[in-house]
Colleague: 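There's a structure below that I have some questions on.
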Amino acid sequence: MKILDVVGARPQFIKIAPVLRAIAYHNQENPDHRILEVLVHTGQHYDYEMSQVFFDELNLKTPDYHLGIGSGSHGYQTGEMLKAIEKVLLVEKPDLVMVYGDTNSTLAGALAAAKLHIPVAHVEAGLRSFNKYMPEEINRVLTDHLSEFLFCPTQAAVENLHREAITKGVYLVGDVMYDAAIEYLALAEKKSHILERLSLKTKGYALATVHRAESTDDPKRLEAIFAGLKAVAQDGLKVILPLHPRTRKQVQSLGLSLDSLNVIEPISYLDMILLEKNAKVILTDSGGVQKEAFFFRVPCVTFREETEWVETVESGWNVLVGYDVEKIVVAALNAQQGRRDFWPYGDGKTAVKIINLLSKK
Ligand code: UD1
Ligand code: UDP
């Protein structure tokens, strides 16, 4: 069996790590039924800190194809990816294409494969924010409707698919990001020196990330988020902000001040999970970071009006504050722990389950 994986953006390099490991394990256990894996990097993310650092640190294989697409408008970026992925598919003729999450790389991979009648497996299927203003919502709805195998991280995701009449090929497997978090936390604790490097004490700081288009492209929202973060810092809680390049550009073009914030470059995954685990509170608009806060039992404040990761809110670990300065500050300074008797993200063996299911098809 030949599987072709399409990745391109930061969270996908993290999601692919446990899947590649599960394929290696399968091949070791089943030498007569090996899975051939072809890795395609679209080049959606390309700065060292947004891409190569993950390949180096997580020991990921060098992509078999690097398409070098880079940045651009949605139509340009997705269209260029579609053309380039199609060429690779025609050469490689895989039995299956696997795509991850909800980025433009996800949609391009799924669409290129589906048009060539190659089955698509979607990892992180069924998530919905019900907000079509988000580019990710469009990507995930379309990808799900193109997929033959829909690997859902949560029961809520399964139910979302059922509501859209997708019932065939739906598997509740858990979350590959949880596999990655538990696999790499021990390594992070051994190898990362980020707390010492930034002179931080356990539970003595807030960790923040901001990058979603809905936050960055609306100046009022971005200003409110930064005003909230600065107010938290001025109240005495250090705010560490590894800044996504999209946000850095917007901050510069709006002339927003970063005074009183500890702004750093995007950091590696091992540094990130160690910073998350030791934070007093996490402030974010990231999908992955909301979940990692939950995995590490750190209260989370989310700059959004809705989330796909509804379990994090229902269990009391995550509060949605929209783009309201007052709400951001109150939630951050009074962050509460949630329930501990509730675990919706699987058992950390999601990638192995996915590969077992696919290898039997
Ligand atoms: C993309 C995904 C988003 C995901 C995020 C993960 C889409 C539509 N969005 O958003 O779902 O949460 O990745 O981080 O696919 N840039 C650089 N260097 C890079 C990459 C980007 O400078 O290595 C800058 C460019 O100015 C670019 C901008 O960031 O135009 C946005 O990049 P893009 O990949 O289009 O979207 P993200 O905001 O990263
Ligand atoms: N992440 C990282 N370094 C950073 C910021 C995030 O390694 O400086 C990791 C984070 O731990 C999570 C993933 O990137 O695993 C989330 O990616 P991002 O927030 O860019 O995208 P989203 O999850 O919202 O799609």
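No hydrogens, no waters, no symmetry mates; every other heavy atom, side chains included, goes into these values. Read the numbers this way: they start at 1 and go in the same order the structure lists the ligands and their atoms.
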Colleague: Can you list, pair by pair, the side-chain donor-acceptor contacts under 3.5 Å of residues 17-25, counting residues two or more places apart and other chains?
Modeller:
residue, atom, partner, partner atom, Å
Arg21, NE, Glu183, OE2, 2.5
Arg21, NH2, Glu183, OE2, 2.9

Colleague: Using a 4.0 Å heavy-atom cut-off, say whether Met50 meets ligand 1 through its side chain, its backbone, both or neither.
Modeller: side chain
Colleague: If you measure every N or O of His74 against every N or O of ligand 1, does any of those distances drop under 3.5 Å?
Modeller: no
Colleague: Checking contacts here: is it the side chain or the backbone of His45 that comes within 4.0 Å of ligand 1, counting heavy atoms only? Could be both or neither.
Modeller: both
Colleague: Going through the checks in order, is the side-chain contact (heavy atoms from CB on, under 4.5 Å) test met by His211 and Asp285?
Modeller: CA-CA 7 Å; His211 79 280; Asp285 61 359; 3.7 Å; yes
Colleague: Consider every N or O of Asp285 and every N or O of ligand 2, then say whether any pair is closer than 3.5 Å.
Modeller: no
Colleague: Looking at Lys61, I want to see if its NZ is surrounded by more than 12 non-hydrogen atoms of other residues, nucleotides or ligands under 6.0 Å.
Modeller: yes
Colleague: Check Tyr184, Tyr345, Phe295 against Tyr178 for a ring-ring contact (aromatic ring centres under 6.0 Å, His included) and give me the one that passes.
Modeller: Phe295
Colleague: Report yes or no: does Ala180 have a heavy atom closer than 4.0 Å to ligand 2?
Modeller: no
Colleague: Examine Ser105 against ligand 1 and note whether any of their N/O atoms are separated by less than 3.5 Å.
Modeller: no
Colleague: Atom 11 (O) of ligand 2: which protein heavy atom is closest, and how many Å away?
Modeller: Glu292 OE1, 2.6 Å
Colleague: For Asn139 and ligand 1, does the shortest N/O to N/O distance drop below 3.5 Å?
Modeller: no
Colleague: So is Arg10 polar-close to ligand 2, meaning N/O to N/O under 3.5 Å?
Modeller: yes
Colleague: Between Asn160 and Glu164, do the side chains contain a donor N or O and an acceptor N or O under 3.5 Å apart?
Modeller: no
Colleague: Tell me the protein heavy atom at minimum distance from atom 23 (O) of ligand 2, and give that distance in Å.
Modeller: Gly288 N, 2.8 Å
Colleague: I'd like to know if Arg248 contacts ligand 1, where contact means a heavy-atom distance under 4.0 Å to any ligand atom.
Modeller: no
Colleague: So do the side chains of Glu292 and Tyr269 get within less than 4.5 Å of each other, counting heavy atoms only?
Modeller: yes
Colleague: Look at ligand 2 and say whether Ile267 reaches it with a heavy atom at a distance under 4.0 Å.
Modeller: yes
Colleague: So is Glu49 close enough to ligand 2, meaning a heavy atom under 4.0 angstrom away?
Modeller: no
Colleague: When you measure from the heavy atoms of Arg212 to every atom of ligand 1, does any distance fall below 4.0 Å?
Modeller: yes
Colleague: Would you please determine whether Glu136 falls within less than 4.0 Å of ligand 2 on a heavy-atom basis?
Modeller: no
Colleague: Going by the order shown, which atoms of ligand 2 are within less than 4.0 Å of some heavy atom of Phe54?
Modeller: 7 (O)
Colleague: What about Gly287: any of its N or O atoms under 3.5 Å from an N or O on ligand 2?
Modeller: yes
Colleague: Find out whether the Lys NZ or Arg CZ of Arg339 is both under 6.0 angstrom from the six-membered ring centre of Phe342 and within 45° of the ring's axis.
Modeller: yes
Colleague: Holding to ring-ring contact (aromatic ring centres under 6.0 Å, His included), I want the full list of residues that pass it with Tyr171, two or more places apart in sequence or in another chain.
Modeller: Phe151
Colleague: Using a heavy-atom cut-off of under 4.0 Å, does the side chain or the backbone of Pro11 touch ligand 1, or both, or neither?
Modeller: side chain
Colleague: Could you establish whether Met177 and ligand 2 come within less than 4.0 Å of each other, counting only heavy atoms on the residue side?
Modeller: yes
